[in-house]
Amino acid sequence: MVQIKDFKGFEGQVIQTQGWVTNKRSGKGLEFIVLRDGSGYAQCIVNANDVSEAIFATAKSTTQETSVKIAGKVVKDDRQEGGFELHVSQLSIIGTSPSFPISNKEHGVEFLVDKRHLWLRSKRQWAIMKIRNRIIFSINNFFQKEDFVQMDAPIFTGNAAEGTSTLFETDFYDRPAYLSQSGQLYGEAMAMAMGKIYTFGPTFRAEKSKTRRHLSEFWMIEPEMAFFDNEMNMDLIEQFIKYVVADVHENCKAEMEVLGRDTSIFDNIAAQEFPRLSYAEAVAVLKGEQKVDGKTTIETLENDLAETIATIESNKAEIIAKEKEIAAGVKKGKRNYLQNKIDGLKNQITDLEVKAKNIPKWLKSAQDFKFGSDFGGSDETVITRMYTVPVMVYNWPHEIKAFYMKRDASAPDLAKGVDVLAPEGYGEIVGGGERETNEALLIEKINEHKLPMDAFDWYLDLRKYGSVPHAGFGLGLERMVAWLCKLQHIRETIPFPRMYGRLKP
RNA sequence: UCUUCCUUAGCUCAGUUGGUUAGAGCACCUGACUGUUAAUCAGGGUGUCCUAGGUUCAAGUCCUAGAGGAAGAGCCA
């Protein structure tokens with residue numbers, strides 16, 4: 001058996017392959033079967049002159065997603081995706097596929113999510129899953145080459161470490177247990193044993209939020225390093241993101257093309273240093289008090305708004321022109337083509353109108369931002385709009401950060417945390433910082449957050465026995481995938497999304 | 001939890017001020033065509049108009065409630 005991606009090594013030879021029929025075009029005496037095997041796509045030509053009547057009839061009877069075994073000759077053809085096609089000599093059906101529900105045309109979101117188990121077979125999903133796989137591979141490569149030890153943190157946890165409202169409760173031998181929201185505290189313990197570690201596991205949050213950036217179950221990478229301060233932490237984050245982006249850029253060119261992803265931003269990321277803003281600076285940028293490249297957020301967003309409105313108008317004009325063309329009478333193929341263009345433009349207009357409505361709201365909420373609070377989704381969008389690479393925001397007011405975040409000795413109201421905001425409107429992909437090593441301050445914080453002290457005795461032990469400065473961060477895998485693929489919604493980044501209101505399939 | 005929008009054929013959608021027999025494209029089937037790239041061309045039938053009430057001579061269309069979905073907000077160390 002030869003996989004489609006390996007056809008190029010078999011030019012002129014007769015080989016065997018197997019896969020699924022993803023599309024078919026037929027003529028008299030000719031069947032063009034587009035075969036998919038997970039490694040790639042190849043057109044297979046069944047010519048009635050070259051095969052028996054029975055085989056030709058079998059080929060003709062295949063439908064979308066019929067699985068088949070094929071023997072044929074690999075022939076170079078520059079018109080084909082991948083550059084090769086197969087001239088079929090033998091064909092047999094492995095499994096039939098009567099009326100596959102997902103056609104090669106357009107579908108709505110609800111339908112596709114309901115059919116997720118079949119949707120995964122489509123080309124776009126194939127590309128996303130390949131990229132997800134590469135990102136995971138690349139993350140592991142990076143940390144392994146940097147001498148980090150991969151560790152698995154527990155998924156059942158016995159305490160409500162982060163506040164009970166967003167925890168999934170389960171029954172653990174008649175006692176309540178919660179699904180993990182973070183492996184970090186365990187990672188800290190392991191870092192004291194191994195030096196540098198990273199966890200890579202599932203995370204569960206029972207937030208009742210339905211947005212394009214939230215999942216109830218997602219995967220997180222959490223490195224933790226002994227003897228690191230927040231500066232070193234930020235250096236590592238930048239190095240890490242640059243490594244993964246460059247690796248994906250290098251190895252997922254075909255997949256990015258399927259998605260229509262403009263990859264020029266990846267070159268910027270390799271070439272530029274990530275801006276590092278203190279929280280105070282970030283607020284000044286947000287409010288338009290500090291310019292970036294000679295522009296304020298207000299100027300940039302008002303410019304965006306004008307552009308958005310202009311695009312809406314030009315789209316509307318284009319629709320009218322195309323509708324006139326159809327009304328004047330054109331052939332069917334041309335009509336379909338024009339109609340599809342019109343539908344696409346209409347969808348674009350809907351999105352743009354939402355954007356046009358949102359921009360003034362974003363600006364207002366940026367103007368009204370209260371120093372000392374956390375950034376909302378729109379604030380992140382406004383800040384990152386000013387840059388073409390990820391932005392790091394550090395030195396946060398300690399009140400809005402987690403109890404374990406290290407306080408700044410020289411500025412007692414600040415904590416040494418860092419958030420990384422991805423550009424292109426994707427917002428927070430990394431949250432991290434230096435950890436508090438002072439046991440008394442930690443106890444004070446645990447009380448302040450009204451957390452159960454007895455749940456943290458083991459964690460406090462880490463400060464009792466040879467405590468050292470240490471830092472770490474967490475990266476949400478799905479948000480990284482969404483950003484690198486430039487997806488509208490996070491639900492496409494994971495094979496079977498678990499979100500508020502969605503447990504099936 | 002709040003705001004706005006949506007629910008019509010297997011899928012994507014159109015359906016005018018309420019009006020008599022509810023439409024198109026795709027998918028599917030049949031036929032034509034020996035190089036198609038979402039092939040093309042001709043023909044073929046398919047409806048719990050989300051559910052329950054209401055207004056009306058008449059409801060896919062208007063009103064009320066509910067269910068499901070989408071976008072945004074809140075929430076998201």
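Note on naming: letters A, B, ... go to the chains in the order of the sequence lines (proteins, then strands), and numbering restarts at 1 for each one. Just so you know, these numbers come straight off a predicted model, no measurement behind them.
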**Asked** Are the ring centres of Phe473(A) and Phe240(A) closer than 6.0 Å?
**Response** yes
**Asked** Taking atom P of C76(B) as reference, at what distance in whole Å does atom NZ of Lys401(A) sit?
**Response** 11 Å
**Message:** Taking only the C1' atom of each, what is the distance from A59(B) to A39(B) in whole angstrom?
**Reply:** 43 Å
**Request:** With rounding to the nearest 0.5 Å, note down the distance linking CG in Leu167(A) to CD in Gln181(A).
**Result:** 4.0 Å
**Prompt:** Can a donor-acceptor pair be found between the side chains of Thr63(A) and Thr66(A) at a distance below 3.5 Å?
**Reply:** yes
**Asked** More 5' along RNA chain B: Gly183(A) or Met499(A), using each one's nearest nucleotide?
**Response** Met499(A)
If you restrict it to nitrogen or oxygen atoms, what contacts under 3.5 Å exist between nucleotides 1-10 of chain B and the protein, and what is each distance?
none

**Request:** Could you pull out the closest heavy-atom pair between Met392(A) and Val418(A), with the gap in Å?
**Result:** CB-CG2, 4.1 Å
**Asked** Taking atom C1' of C76(B) as reference, at what distance in whole Å does atom CD1 of Ile400(A) sit?
**Response** 13 Å
Taking N or O atoms only and anything under 3.5 Å, show me the protein contacts with nucleotides 31-35 of chain B, one pair per line.
residue: C33(B); atom: OP1; partner: Lys28(A); partner atom: NZ; Å: 3.4
residue: U34(B); atom: O4'; partner: Lys28(A); partner atom: O; Å: 3.4
residue: U34(B); atom: N3; partner: Asn49(A); partner atom: ND2; Å: 3.3
residue: U34(B); atom: O4; partner: Asn49(A); partner atom: OD1; Å: 3.1
residue: U34(B); atom: O4; partner: Asn49(A); partner atom: ND2; Å: 2.4
residue: G35(B); atom: N1; partner: Glu85(A); partner atom: OE2; Å: 3.0
residue: G35(B); atom: N2; partner: Asp77(A); partner atom: OD2; Å: 3.3
residue: G35(B); atom: N2; partner: Glu85(A); partner atom: OE1; Å: 2.6
residue: G35(B); atom: N2; partner: Glu85(A); partner atom: OE2; Å: 3.2

**Message:** Can a side-chain donor-acceptor contact be found between Tyr404(A) and Glu188(A) if the only test is distance below 3.5 angstrom?
**Reply:** no
**Asked** Counting side-chain heavy atoms from CB outward, which of A39(B), A77(B), A73(B) is closest to Trp362(A)?
**Response** A73(B)
**Item:** Atom P, compared across C33(B) and C49(B): separation rounded to whole Å
**Value:** 43 Å
**Message:** Please report the distance separating the C1' of U51(B) from the corresponding atom of G45(B), rounded so that it comes out in whole Å.
**Reply:** 27 Å
**Asked** If you measure from the C1' atom in C57(B) to the same atom in C62(B), how many Å do you get, rounded?
**Response** 16 Å
**Gap in Å between the two P atoms, one belonging to C28(B) and one to U64(B), rounded** = 43 Å
**Prompt:** Do any side-chain nitrogens or oxygens of Arg491(A) fall under 4.0 Å of OP1 or OP2 in A71(B)?
**Reply:** yes
**Request:** With heavy atoms under 4.0 Å as the rule, sort Arg205(A) into base, sugar-phosphate or nothing.
**Result:** base
**Item:** Rounded distance in Å - CD1 (Ile33(A)) to C1' (A39(B))
**Value:** 15 Å
**Prompt:** Aromatic rings Tyr459(A) and Phe403(A): how do their planes relate, parallel, tilted or perpendicular, breaks at 30° and 60°?
**Reply:** perpendicular
**Complete:** To the nearest angstrom, the CD-P distance between Glu399(A) and A77(B) comes to 16 Å
